[in-house]
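Reminder, nothing fancy here: chain letters follow the sequence lines and each chain counts from 1. Only this structure's heavy atoms are used, side chains among them; waters, hydrogens and symmetry mates stay out.
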Amino acid sequence: MATPRTSWADVADAEPAPPPPVTTAPAPAANGPARSSYVPPHLRNRSAASAAPPAAAPPRAAPGLLSRPGAGPAPTGFGARPRGGGRGWDREPDPFADSAPAPGDAEGAADFEEHQNTGINFDAYEDIPVETSGREVPPPVATFAEIDLGDALNQNIRRCRYVRPTPVQRHAIPISLAGRDLMACAQTGSGKTAAFCFPIISGIMRGPPAARPQRGGGMGMRTACPSALILSPTRELSMQIHDEARKFSYQTGVRVVVAYGGAPITGQLRDLERGVDILVATPGRLVDLLERARVSLQSIRYLALDEADRMLDMGFEPQVRRIVEQMDMPPPGVRQTMLFSATFPKEIQRMASDFLENYIFLAVGRVGSSTDLIAQRVEFVQEADKRSHLMDLLHAQRDTGKQTLTLVFVETKRGADSLESWLCMNGFPATSIHGDRNQQEREYALRSFKSGQTPILVATDVAARGLDIPHVAHVVNFDLPNDIDDYVHRIGRTGRAGKSGLATAFFNDNNSSLARSLAELMQESNQEVPAWLSRYAARPSYGGGGRNRRSGGSHFGGRDFRNDSSSFGKGGSRGGSDYYGGGSSGGYGGSSAYGGGGYGGAGAPSAWD
DNA sequence: AAAAAAT
């Protein structure tokens, strides 16, 4: 797992990085696949040995941490609260141990470091517009010190090298410490995982020791009753959140368990049996666990949905609704509910409000902040020419001599396989991740990509959201998605933590329905829109005129849908007016600010994660 | 139409 270095609060004054691991893989970039570690698709599944992941770096304590006085097993203050059985957490494995660069980061370290140190620009985020609505919004804080999160958590914040809270953290943490429900929209890499984890962990530490759960109703002695549930839409994202949450919980006594499909359930059952305060899960596996009565939601005090709009879209909504509304989860108002996403279409906000009570809507950022760091290009490329065009891009990348990662999005799983093997045949070290690969393959692909061993990853939308992959310099939309929100999430895999990034899209007639929203988004992000794309966008059949609802029409605009009813409808000349809205800092009354002027309006945020 | 998510 990567260190949470995506945060803007990531230290500028970081202590020197630990020495690079001695384990080195041959530099993979220049001359084709690194044969020692890379397994091309046609050789996979032949020999387990050849596909075995590289030896892990030896476990290593983060420098100066374990030896630090006070980092001992007996935290003081409320951190010392004994947990059920209190067993063995003095031997809790150090979640910071893998914070060192992954093997394979080694030879790229110089290149990478350059990127690491150039991009973080705190000042760029100082005047980031923030909008809140709802009753009695607790004021934001400027520093972690202002928030009483407790000694143990504060120490972990230091270990994570967070020096000050990011904008979303400054606002969201006080809101959620005040016990309020929250719908939050925040930018790429802005530390939103921490924004919901800190209050949850702190709340669990302060809260009453878990009451003896009500047995009965099918509950056995082996039924786990977590206090907090964090749902996410993909397995890899759940793993990532789990890794982060474990770091934040280190030596607090708060136990974090992850449960997702595609992996043997037995290990997860064992983890649950050892005790769980925070359960991170994907919906399918959680439903399974609930049906087996190995998990009960009756003690849930905190519910967080990451990528909340995704969790409530057509594919997921029934399952999520079942978990939240039809199991033994306490109702809104009893539990505290927090929804986080970048994109938040209004119809999804409306649906989400079923899960919330008296909530606060929070939007952080706008066009011209984060996305300006992502240079967006669109090129007209016929289907038949895509491969050679991609090869040109990859050659150009290679010629820069920099070791960087390139993430290539395609529309279908088959397309991912076939592009991957074509790249490999042509000497490019590529791997792939999609839902038809088994979980081991998925995890290996991601590791191999992150470490730089396979610096090209071909992916479906399974990798579009939330994944924090440092050093992705280039996102290629080999196939454009049909939904502008997906585009926003995809390009948000680069340009994270204040670093710059590049996103290239291949556009052709098959993508005409995206033309308008894409042109708008680019315009709002101060990107140059090719004239041909503007012409596409102006074609009436592609939304140039009418109210183009989905496929772009309802992109999140930094607005609380509750303030919406009176805002629109008048001056509704521009069909897309509901698409805009984030920019006006003057509160929500000023509907007139949104109607006019065609494209250049105060824009919708774009790389909101 | 496709992707994801349980076995």
CG of A:D309 versus P of B:dA4: gap in Å, rounded? 17 Å

Specify the separation, in whole Å, of atom CZ of A:R465 and atom P of B:dA2. 20 Å

If I take atom CD in residue A:E291 and atom C1' in nucleotide B:dA6, what distance separates them, rounded to the nearest angstrom? 9 Å

Set of ring-ring contact (aromatic ring centres under 6.0 Å, His included) partners for A:W422, sequence neighbours left out: none

Specify the residue among A:R322 and A:D313 whose closest nucleotide of DNA chain B lies further upstream toward the 5′ end. A:D313

Listed nucleotide nearest any side-chain atom of A:R310, set B:dA6, B:dA2, B:dA4: B:dA4

For atom CG of A:L312 and atom P of B:dA4, their distance in whole Å: 19 Å

Need one value for A:G315: base, sugar-phosphate or nothing, where a base atom within 4.0 Å counts as base even if backbone is also close, heavy atoms only. base

Base, sugar-phosphate or nothing for A:D461? Non-hydrogen atoms, less than 4.0 Å. nothing

Spacing of A:F478 atom CZ relative to B:dA3 atom C1', expressed in whole Å: 18 Å

Could you give the CZ-to-P distance, from A:R490 to B:dA2, as a whole number of Å? 14 Å

Checking only heavy atoms, does the side chain of A:N482 share a donor-acceptor pair with the base of B:dA1 at less than 3.5 Å? yes

Once you apply a heavy-atom cut-off of 4.0 Å, does A:R442 come out as touching a base, just sugar-phosphate, or nothing? sugar-phosphate

Do the side-chain N or O atoms of A:T282 get closer than 4.0 angstrom to the phosphate oxygens (OP1, OP2) of B:dA4? no

Could you tell me whether A:R437 and A:D417 make a salt bridge, using a distance below 4.0 angstrom between a side-chain N and a carboxylate O? no

A:F316: what forms a ring-ring contact (aromatic ring centres under 6.0 Å, His included) with it, not counting sequence neighbours? none

Does the Lys NZ or Arg CZ of A:K386 fall within the cation-pi geometry relative to A:F478 - under 6.0 Å from the ring centre and within 45° of the axis? yes

Among the nucleotides B:dA2, B:dA4, B:dA6, which one has an atom lying closest to any side-chain atom of A:T412? B:dA2

In whole Å, what is the span from the CZ atom of A:F409 to the P atom of B:dA4? 12 Å

Option among A:R442, A:R447, A:K450 that satisfies the salt bridge (Lys or Arg N to Asp or Glu O under 4.0 Å) test with A:E236: A:R442

When rounded to whole Å, the CD to P distance for the pair A:E307 and B:dA5 reads 13 Å

Which nucleotide, B:dA5, B:dA3, B:dA6, lies nearest any side-chain atom of A:Y260? B:dA6

